[in-house]
Amino acid sequence: MESPIRAYPFNEIEPKWHKRWDEEKLYAIHLKDPRPKYYCLVMFPYPSAALHVGHGRNYIIGDAVVRYKMMRGFNVLSPMGFDAFGLPAENAAIKRGIPPKTSTLENIQNMKRQLREWGCGYDWSREVISCLPDYYKWTQWIFLKLYEKGLAYKKLAAVNWCPSCQTSLANEQVVDGQCERCETKVVSKNLEQWFFKITAYADRLLDDLKLLEGWPERVRIMQENWIGRSKGVEIDFPIVASDGKNTESPLTCFTTRVDTIFGATYMVLSPEHPRLPELLRSVSDKAEIETAINRMKAQDLTVRTLLETEKEGVFTGRYVLNPMTKEKIPLWVANYVLMEYGTGCVMAVPAHDERDFEFAKKYKLPIRVVIDNPKKPLKAETMKEAYVDPGILVGSGAFTGIESEESKDKIADFMERNKIGRKTTQYRLRDWLISRQRYWGAPIPILYCDKCGTLPVPEKDLPVLLPENVEFKPTGVSPLRDHLAFQKAKCPKCRGNARREPDTMDTFVDSTWYFLRYITPRDDKKAFDSNDVNHWLPVDQYIGGVEHAILHLLYSRFVTKVLYDLGVISFKEPFARLFTQGMIIKDGAKMSKSKGNVVSPDELIKRYGADTVRLYTLFMGPPERDAEWQDQGVEGAFRFLGRVWRVAIQQEKIENERIEGEALGHKEIRFNLHRTIKKVTEDLEGDFHFNTAVSACMEFVNSLYRFRPSSEVDRNLFRQSVETLVLLLAPFVPHIAEEIWSRLGHSRDIFKEKWPTYDSSALQLEEEEIVIQVAGRVRSRLKVPHDISEKELEALVLKDSKIKEWVNGKTVRKVVVIPHRLVNVVV
RNA sequence: GCCGAAGUGGCGGAACUGGCAGACGCGCACGACUCAAAAUCGUGUGUCCGCAAGGACAUGAGGGUUCGACUCCCUCCUUCGGCACCA
């Protein structure tokens, strides 16, 4: 890149203030400070090699909020740390051929330098690094707490396995059947794994979303979808005995549409249903049936769950009884029924379910209408598709004639009374699989003793240290399994030899509680102090990318609720307000090293200074939306800061310059000044409209360039204008603001100053311009006194020569007067 | 398929509660300064007609409500995101 352009001396200013802020400990807070607290948290980063401007948006937004709140008189907590365990760090280390710890700590140093250069300030005395024992000791403690509560358990299950990362994954880490990290196709594998019982909290995680008014609607909806609660009924279908003796227990299905029960003309099991072998025992020609079932089982699950996939099935030769109609209906097995959801058994109502309809048509199964369309009566023989909307029950025994929505409860109650079925709730959410067969994570604090079984590591023995001299290349089993020193353990009960759990925890466990650790980060007696944490949390403002809408944000909410139940914290939700900033796009794609479209902040800062990068980042568009990075836009921000510098520092020069444009007077400048304060304040108090706040400042600078102070009073206003401008800009461009502030003769740090307030009387002009429309089109405008009455205004308008021309002969039907704004003459 | 967000000049984007569409910035053109360039300062810049004054058209498309619609309602199209054979 070219050498720095001639401009204000940002390369002297910026390092000077970084040093000053460090020395003054501008960001260090005291927990017991009497001012109102404000906890501003940005999502802590993975320590990758270097940050790009896309990452920067997060920290710049956060820093602007922090500095603004400081000026509003809050005791602002702004901590930072590193989410340092996990696959990305380990994979990067493997590539470089060095231990993950070395590369991670190296990366952290580089990122800290970058954050400092950006001018983003944190209370570094509170730094947490999740891969260091003084942190993960307490991550392990959290695990033990969940274990005590029965919320951490081990089970053999079909789990998602990434063949490239050589580890199991949580459901949340599988995107479109692929590994979230490496996009390799995920396969299913039967393994014994550790899970967190997040499903036990499904209802509360869902219901408490309503408490999160400060969260973006879309994030709440995404979590709602993910949890996927559906209320319905479990119904027992008695099996018709093939040998006359009815000894088999009934098959249970789950449905959200009990209202359609009278139309259930067959029943379908998932090919994986555990009772299939038993059901088939008495069937004579079962070879063919079993072949068909095995074919369905072999079908790739990701393909099988595609809507387009052809439905396939086979009749089992068995029958069940529809418990309401007492009819004998055939029992089928079909590929469209999933074992993972509900009971793996579905009552099929072809007339009112698209999938059942398609299946029934293919295999010529009976279709019976039981919900009629009130607008257009249905006929089973002529139906082209299932009728899935509400309607009136027909052919439904005692329930005929009832509206379908209403009938759901009535039928369910009837079933409960007669022990046919019971109301129940199903969730899409699965328990959180937390074991990883990889090295770079916190060891799961569990011991196995041949005599005493599975035992938690006693709290006093924490941390279970992650050994450093390990051959850690992924092999599919945890490298800790064969590490002798690590495995050398004693059973806490019988003192005999015990083995350690070799798996490590998912990195997302580390980040479920880091925001608690920031309060008392060096406490080696406990994870956090309940009193302090209860004072400082929930986080007032959380800021981060929307990619964590489900994963991190759901897991953190879960752990918070567990800690609440344990009585160690007094709040149910960790983050009161959430702001999700948009991505930065370059050349049509998300900025990423692999795509080769990253813009490095280091070079930009060298060329233009950090304030320019910050200002452009905030100005480029609404912060919650994606934005396209344009190098030329950076120049614009840089030019603006030059204008600010000149108007503030080199005032005399401007005073002496020849007036070329239209000059503005005292009154207009005063008006603009207060209007700008109002606009910037409202933009920051609202949903962080930095882009319009910056543009308001630009407008004000433009107007200052038209001001020619001619008197002492004028010069005072000019000075006041400049000082206010600098205060308003300080959260966005802290270095230049500090520098101008001190050059204007202030010795106190600008962030210890009060945020300016506006005077509404200055916004009240005696004369205002009114827009005049004829038939809704602007035809003229008038300057009128502020306190003119509507009558007077109307009369004035009708006398106006231009308006007369437009009215010309037509009758005036009505005159609409909107005070202080507009008059519309309707002809 | 369901849910959500968005669609405005050459570009990024503004527009309060329904009240001057295009603020602010980029780009472009012209002028001032300069021997010249850069930087800076100024002027102009939606489209069409017009020398101009001015007028017509214009916020994804089409309807509607209203004195008045980027904004509200209906139908549809496109892009992005989430969920999805979930019973």
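Heavy-atom basis, side chains included; hydrogens, waters and symmetry copies ignored. Chain letters run A, B, ... following the sequence lines, proteins first, then strands; residues in each count from 1.
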Enquirer: Report the base-pairing partner of B:G12 (Watson-Crick or G-U wobble, both distances below 3.5 angstrom), or none.
Expert: B:C24
Enquirer: Report the residues that fulfil ring pair (Phe, Tyr, Trp, His ring centres under 6.0 Å) with A:Phe359, sequence neighbours left out, ordered by chain and then residue number.
Expert: A:Tyr266, A:Trp332, A:Tyr336, A:Tyr363
Enquirer: Using a cutoff of under 3.5 Å, can you pull out all pairs of nitrogen or oxygen atoms linking the protein to nucleotides 54-58 of chain B, with atom names and distances?
Expert:
| from | atom 1 | to | atom 2 | distance (Å) |
| --- | --- | --- | --- | --- |
| B:A56 | OP1 | A:Arg779 | NH2 | 3.4 |
| B:A56 | OP2 | A:Arg779 | NH1 | 3.4 |
| B:C57 | OP2 | A:Arg777 | NH1 | 2.7 |
| B:C57 | OP2 | A:Arg777 | NH2 | 3.4 |

Enquirer: Side chains of residues 226-233 of chain A: which donor-acceptor partners sit under 3.5 Å, not counting sequence neighbours?
Expert:
| from | atom 1 | to | atom 2 | distance (Å) |
| --- | --- | --- | --- | --- |
| A:Trp226 | NE1 | A:Glu172 | OE2 | 2.9 |
| A:Arg229 | NH1 | A:Asp203 | OD1 | 2.3 |
| A:Arg229 | NH1 | A:Asp207 | OD1 | 3.4 |
| A:Arg229 | NH2 | A:Asp207 | OD1 | 2.9 |
| A:Ser230 | OG | A:Tyr341 | OH | 2.7 |

Enquirer: Partner lookup for B:G31, please. Criteria are Watson-Crick or G-U wobble with both distances under 3.5 angstrom; report none if nothing qualifies.
Expert: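 Base-paired to B:C41.
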Enquirer: CG of A:Asn335 versus P of B:C85: gap in Å, rounded?
Expert: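 Computing the A:Asn335:CG to B:C85:P distance gives 12 Å.
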Enquirer: So which one's nearest nucleotide on RNA chain B is more toward 5', A:Tyr427 or A:Trp226?
Expert: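 Of the two residues, A:Trp226 wins.
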Enquirer: Assign A:Glu310 to base, sugar-phosphate, or nothing according to its heavy-atom contacts below 4.0 angstrom with the strands shown.
Expert: base
Enquirer: Are any of A:Arg821's side-chain N or O atoms less than 4.0 Å away from OP1 or OP2 of B:U17?
Expert: no
Enquirer: Please list, pair by pair, any protein nitrogen or oxygen found under 3.5 Å from a nitrogen or oxygen in nucleotides 1-7 of chain B.
Expert:
none

Enquirer: Got a sec, which residues hit ring pair (Phe, Tyr, Trp, His ring centres under 6.0 Å) with A:Phe690, two or more places apart in sequence or on another chain?
Expert: A:Phe688
Enquirer: Measuring from the side chain of A:Leu338 (C-beta onward, heavy atoms only), which nucleotide among B:A87, B:G19, B:C67 has the closest atom?
Expert: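 Ranking B:A87, B:G19, B:C67 by closest atom to the A:Leu338 side chain puts B:A87 first.
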Enquirer: Kindly point out which of B:G19, B:C85, B:G13 is positioned nearest to the side chain of A:Thr309?
Expert: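 Nearest to the side-chain atoms of A:Thr309, counting from C-beta on, is B:C85.
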Enquirer: Within the 4.5 Å heavy-atom criterion, are A:Leu615 and A:Leu641 side-chain neighbours or not?
Expert: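 A:Leu615 reaches A:Leu641 side chain to side chain.
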Enquirer: Which nucleotide in the list B:C41, B:C86, B:G13 gets nearest to the side chain of A:Arg643?
Expert: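 The listed nucleotide nearest to A:Arg643's side chain is B:C41.
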Enquirer: Going by the rule side chain to side chain contact (heavy atoms under 4.5 Å, CB included), which residues pair with A:Glu213 if we only count those two or more places apart in sequence or in a different chain?
Expert: none
Enquirer: Any strand counts, and the cut-off is 3.5 Å on both contacts for Watson-Crick or G-U wobble. Which nucleotide pairs with B:C57?
Expert: B:G46
Enquirer: Rounded to whole Å, how long is the line connecting atom CG of A:Asp683 with atom P of B:C24?
Expert: 15 Å
Enquirer: With respect to the side chain of A:Ser695, which nucleotide from B:C20, B:A23, B:C67 is positioned closest?
Expert: B:A23
Enquirer: With P as the reference atom in both, quote the distance from B:G22 to B:G44 in angstrom, rounded to an integer.
Expert: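 Nearest-Å result for B:G22 against B:G44 at atom P: 14 Å.
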Enquirer: Which part of the nucleic acid does A:Val815 contact within heavy-atom distance under 4.0 Å: base, sugar-phosphate only, or nothing?
Expert: nothing
Enquirer: Taking any strand in view, what nucleotide pairs with B:C72 in a Watson-Crick or G-U wobble way, both distances under 3.5 Å?
Expert: B:G64
Enquirer: Check whether NZ of the Lys or CZ of the Arg A:Arg614 lies under 6.0 Å from the centre of the six-membered ring of A:Phe732 and within 45 degrees of that ring's axis.
Expert: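 No - A:Arg614 does not lie over the ring of A:Phe732 by the 6.0 Å and 45° rule.
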Enquirer: Can you find a side chain N or O atom of A:Lys311 that sits less than 4.0 Å from OP1 or OP2 on B:C85?
Expert: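 Negative; the distance criterion is not met.
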Enquirer: Please list, chain by chain and in numerical order, all residues satisfying ring pair (Phe, Tyr, Trp, His ring centres under 6.0 Å) with A:Tyr427, sequence neighbours excluded.
Expert: none
Enquirer: Using the closest heavy atom to pick a nucleotide of RNA chain B for each, name whichever of A:His689 or A:Val816 lands nearer the 5' end.
Expert: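 Going by which nucleotide is closer to the 5' end, it is A:His689.
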Enquirer: With a 4.0 Å cut-off on N to O distance, would you call A:Lys362 and A:Glu312 a salt bridge?
Expert: no
Enquirer: May I ask you to evaluate whether A:Ser230 reaches the phosphate of B:A87, defined as a side-chain N or O under 4.0 Å from OP1 or OP2?
Expert: yes
Enquirer: Which residues pass the side chain to side chain contact (heavy atoms under 4.5 Å, CB included) test with A:Val337, not counting sequence neighbours?
Expert: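 A:Val337 satisfies side chain to side chain contact (heavy atoms under 4.5 Å, CB included) with A:Val268, A:Ser270, A:Val346 once adjacent residues are dropped.
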Enquirer: From the set B:G82, B:C85, B:G42, return the single nucleotide nearest to any side-chain atom of A:Met222.
Expert: B:G82
Enquirer: Sort out the partner of B:G7 for me: Watson-Crick or G-U wobble, both distances under 3.5 Å, none otherwise.
Expert: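 Its partner is B:C77.
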Enquirer: How long is the line joining CE of A:Met339 and C1' of B:A87, in whole Å?
Expert: 13 Å
Enquirer: Rounding to a whole Å, what distance do you find between A:Phe10:CZ and B:A39:C1'?
Expert: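 So the CZ-C1' distance, A:Phe10 to B:A39, works out to 14 Å.
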Enquirer: Using a heavy-atom cut-off of 4.0 Å across all strands, would you classify A:Gly636 as base, sugar-phosphate, or nothing?
Expert: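 Result for A:Gly636 = sugar-phosphate.
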Enquirer: Tabulate atom names and distances for all N/O pairs under 3.5 angstrom spanning the protein and nucleotides 9-12 of chain B.
Expert:
| from | atom 1 | to | atom 2 | distance (Å) |
| --- | --- | --- | --- | --- |
| B:C11 | O2' | A:Gln630 | NE2 | 2.9 |
| B:G12 | O2' | A:Met620 | O | 2.7 |

Enquirer: For the residue pair A:Val816 and A:Val823, establish whether any side-chain heavy-atom pair is separated by less than 4.5 Å.
Expert: no
Enquirer: So, using ring pair (Phe, Tyr, Trp, His ring centres under 6.0 Å) as the criterion, who are the partners of A:Tyr616 when residues are at least two apart?
Expert: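 Expected list: A:Trp629.
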Enquirer: Which value, in whole Å, describes the distance between the C1' atoms of nucleotides B:C70 and B:U8?
Expert: 7 Å
Enquirer: Using a cut-off of less than 4.0 Å, is there contact between a side-chain N or O of A:Arg639 and OP1 or OP2 of B:C24?
Expert: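 For B:C24, OP1/OP2 do not have a side-chain N/O of A:Arg639 under 4.0 Å.
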Enquirer: Which nucleotide sits closest to the side chain of A:Asn824: B:C24, B:C67, B:A87?
Expert: B:C67
Enquirer: Going by the rule side chain to side chain donor-acceptor pair (under 3.5 Å), which residues pair with A:Thr681 if we only count those two or more places apart in sequence or in a different chain?
Expert: A:Trp755
Enquirer: Could you state the atom-to-atom distance from OH of A:Tyr608 to C1' of B:A39 in whole Å?
Expert: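 Between C1' of B:A39 and OH of A:Tyr608: 13 Å.
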Enquirer: Got a sec, which residues hit side chain to side chain donor-acceptor pair (under 3.5 Å) with A:Asn160, two or more places apart in sequence or on another chain?
Expert: A:Asn171
Enquirer: Considering only side-chain heavy atoms of A:Arg706, which listed nucleotide, B:G42, B:C85, B:G82, is closest?
Expert: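 Comparing B:G42, B:C85, B:G82 against the side chain of A:Arg706, the answer is B:G42.
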Enquirer: Measure the distance from CG on A:Asn171 to C1' on B:C86 and round it to the nearest whole Å.
Expert: 13 Å
Enquirer: Atom CZ of A:Arg368 and atom OG of A:Ser396: how far apart are they, to the nearest 0.5 Å?
Expert: 9.5 Å
Enquirer: Whole angstroms only, please: what is the CG-P distance between A:Leu822 and B:G19?
Expert: 10 Å
Enquirer: Could you tell me the Watson-Crick or G-U partner of B:C2, where both distances fall under 3.5 Å? Say none if there is no partner.
Expert: B:G82
Enquirer: Rounding to an integer number of angstrom, what distance separates B:A39 and B:C33 when you compare their C1' atoms?
Expert: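 About 11 Å, rounded to a whole number of Å.
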Enquirer: Looking for any heavy atom pair under 4.0 Å, which part of the strands does A:Asn702 touch: base, sugar-phosphate only, or nothing?
Expert: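 Sugar-phosphate, no base atom in range.
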Enquirer: Is B:G9 syn or anti, taking syn as a glycosidic angle within 90° of 0?
Expert: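 Chi for B:G9 falls in the syn range.
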Enquirer: Rounded to the nearest Å, what distance is computed from the CG atom of residue A:Leu641 to the P atom of nucleotide B:G25?
Expert: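 One finds 13 Å between P of B:G25 and CG of A:Leu641, rounded.
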Enquirer: Is there a donor-acceptor contact under 3.5 Å linking the side chains of A:Thr199 and A:Asp431?
Expert: yes
